[in-house]
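In this text the structure is predicted, and so the values were computed from the model without any measurement. Protein chains get the first letters and strands the later ones, always in sequence-line order, with residue 1 at the start of each.
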Amino acid sequence: MKIATYNINGTNARLPRLLEWLEAFQPDVACLQEIKTATENFPVDTLKAAGWHCLVHGQKGFNGVAILSREPATETQRGLPGDESDEQSRYLEAEVGGVRVASIYLPNGNPQPGPKFDYKLAWMARLEAHAASLLGLGTPVVLAGDYNVIPHDDDIWDPRAMQDDALMQPESRAAFRTLLWQGWTDAVRSLHPRGGIWTFWDYQAGAWQRDHGFRIDHLLLSPQAADRLLNAGVDRDVRGQEKASDHAPTWVTLTA
DNA sequence: ATGCCCGCTTACAGCGGA
């Protein structure tokens with residue numbers, strides 16, 4: 001079973017690339033972020049014609065997450081619990097093929113310090129609470145998405161380049177570690193423990209050509225999912241295509 | 001120190017992204 005996460009940075013701009021990638025890499029489940037479209041405008045008919053079931057939690061212009069799957073999925077959570085006043089579409093969760101899968105778009109948090117960074121940390125605290133409840137299921141769970149956290153200094157080409165950025169502040173990293181300490185496995189890290197794996201390359205300053213990237217797209221596995229972990233990686237070449245997203249698809253394979 | 005590039009919007013400039 002292949003589960004992928006892909007921040008597509010806009011559905012309208014990325015649909016051809018998305019369809020090509022789905023056809024070429026054939027994930028069983030694809031968690032999408034930054035669909036940047038209202039739920040009713042997501043191209044479910046086009047994707048259905050290509051053989052994909054869609055669950056969509058959209059938002060006009062910004063944010064928005066979706067879960068595509070070859071087999072039908074049952075939605076289990078729409079929006080991250082813990083703050084009824086939060087109107088940003090950043091969390092969607094479903095049961096598919098016996099695995100609980102979440103599509104997460106964690107707030108960026110820049111500039112820091114400031115209200116956006118406060119929102120990021122508050123959002124991470126809510127995610128910790130919900131993640132703890134998911135661990136209580138005692139079943140395979142995959143929390144897949146754009147976490148907007150660079151966990152270690154070897155998850156970026158040069159830590160000095162982003163040292164003041166919200167993505168690698170001590171508070172952001174501590175909140176990510178708190179998740180791991182609950183019992184989650186960072187799948188890519190567990191198979192590439194020396195770092196040096198990137199999932200994002202900025203559009204600016206020739207970052208792709210210079211391989212100036214970092215790792216912010218993660219798949220966290222519950223113990224019952226980690227027991228089934230076969231492989232994990234990044235579809236890097238997708239980033240080098242014309243009209244690419246600034247993120248590359250990141251994935252795990254689990255035993256059937 | 002800032003912006004670079006990109007996608008979005010009752011758009012043609014400004015915001016958000018990372």
Side-chain angles (χ1 to χ4, degrees), chain A residues 5-21 31-43 56-66 86-91 103-124 144-173 175-176 188 195 197-218 234 236 238-250:
Chain A
T5 179
Y6 185 15
N7 180 322
I8 61 173
N9 186 22
T11 301
N12 289 337
R14 211 68 59 216
L15 187 57
R17 288 290 90 78
L18 174 63
L19 290 167
E20 289 171 6
W21 169 74
C31 299
L32 307 181
Q33 300 86 37
E34 284 208 88
I35 65 173
K36 293 186 174 180
T37 185
T39 300
E40 60 269 28
N41 291 332
F42 193 76
V56 184
H57 183 35
Q59 181 177 342
K60 188 175 186 174
F62 303 103
N63 308 318
V65 289
D86 186 358
E87 296 181 343
Q88 299 190 32
S89 298
R90 296 179 174 276
Y91 188 93
S103 182
I104 292 172
Y105 179 46
L106 207 145
N108 171 304
N110 281 302
Q112 73 79 30
K116 291 188 175 183
F117 192 58
D118 295 341
Y119 174 67
K120 177 185 189 128
L121 296 180
W123 205 95
M124 294 187 83
D146 175 0
Y147 281 71
N148 271 315
V149 175
I150 300 167
H152 309 87
D153 281 355
D154 59 14
D155 289 316
I156 181 169
W157 93 99
D158 181 355
R160 292 171 299 181
M162 296 279 282
Q163 61 182 358
D164 296 324
D165 195 280
L167 276 57
M168 49 182 283
Q169 290 313 294
E171 297 94 329
S172 309
R173 287 178 163 180
F176 187 77
V188 169
I197 305 289
W198 321 142
T199 67
F200 172 91
W201 295 257
D202 201 293
Y203 287 125
Q204 302 182 64
W208 168 251
Q209 289 77 9
R210 299 177 181 186
D211 199 26
H212 287 182
F214 43 81
R215 188 175 74 97
I216 52 175
D217 300 277
H218 309 303
V234 180
R236 254 186 87 99
V238 173
R239 177 62 182 85
Q241 295 176 321
E242 292 295 317
K243 293 283 290 180
S245 170
D246 40 8
H247 295 251
T250 307

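The shortest non-hydrogen separation linking A/Asp153 to A/Met168 is OD1-CE, 3.9 Å. Residue A/Arg173 comes nearest to A/Ile150 through the heavy atom pair NE-O, 2.8 Å, listed as atom of the first residue, atom of the second, then distance. Shortest non-hydrogen contact noted between A/Phe42 and A/Thr11 is CE1-OG1, 3.6 Å.
If you take atom P in B/dA1 and the same atom in B/dA18, they sit 23 Å apart, rounded to whole Å. Taking atom P in both B/dT10 and B/dC15, one finds a spacing of 15 Å when rounded to whole Å. Here, B/dA11 and B/dG16 have their C1' atoms 15 Å apart, quoted to the whole Å. B/dC12 and B/dT2: their P atoms are spaced 26 Å apart (whole Å).
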Under the side-chain contact (heavy atoms from CB on, under 4.5 Å) rule, what do A/Leu32 and A/Val56 come out as? Steps first, then yes or no, please.
-> CA-CA 9 Å; A/Leu32 307 181; A/Val56 184; over 6 Å; no
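Aromatic ring orientation, A/His218 versus A/Phe176: tilted (interplanar angle from 30° to 60°).
A straight line from CG of A/Asp164 to P of B/dT2 spans 11 Å, rounded to a whole angstrom. Residue A/Arg17 contributes atom CZ, which lies 14 Å from atom P of B/dC6 at whole-angstrom precision.
Here the CZ atom belonging to A/Phe214 is positioned 10.5 Å from the CH2 atom belonging to A/Trp201, to the nearest 0.5 angstrom.
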List the protein contact pattern of nucleotides 8-18 of chain B with one symbol per nucleotide (5' to 3'): B for base contact, S for sugar-phosphate-only contact, - for none; contact means a heavy-atom distance under 4.0 Å.
-> SSS-----SSB
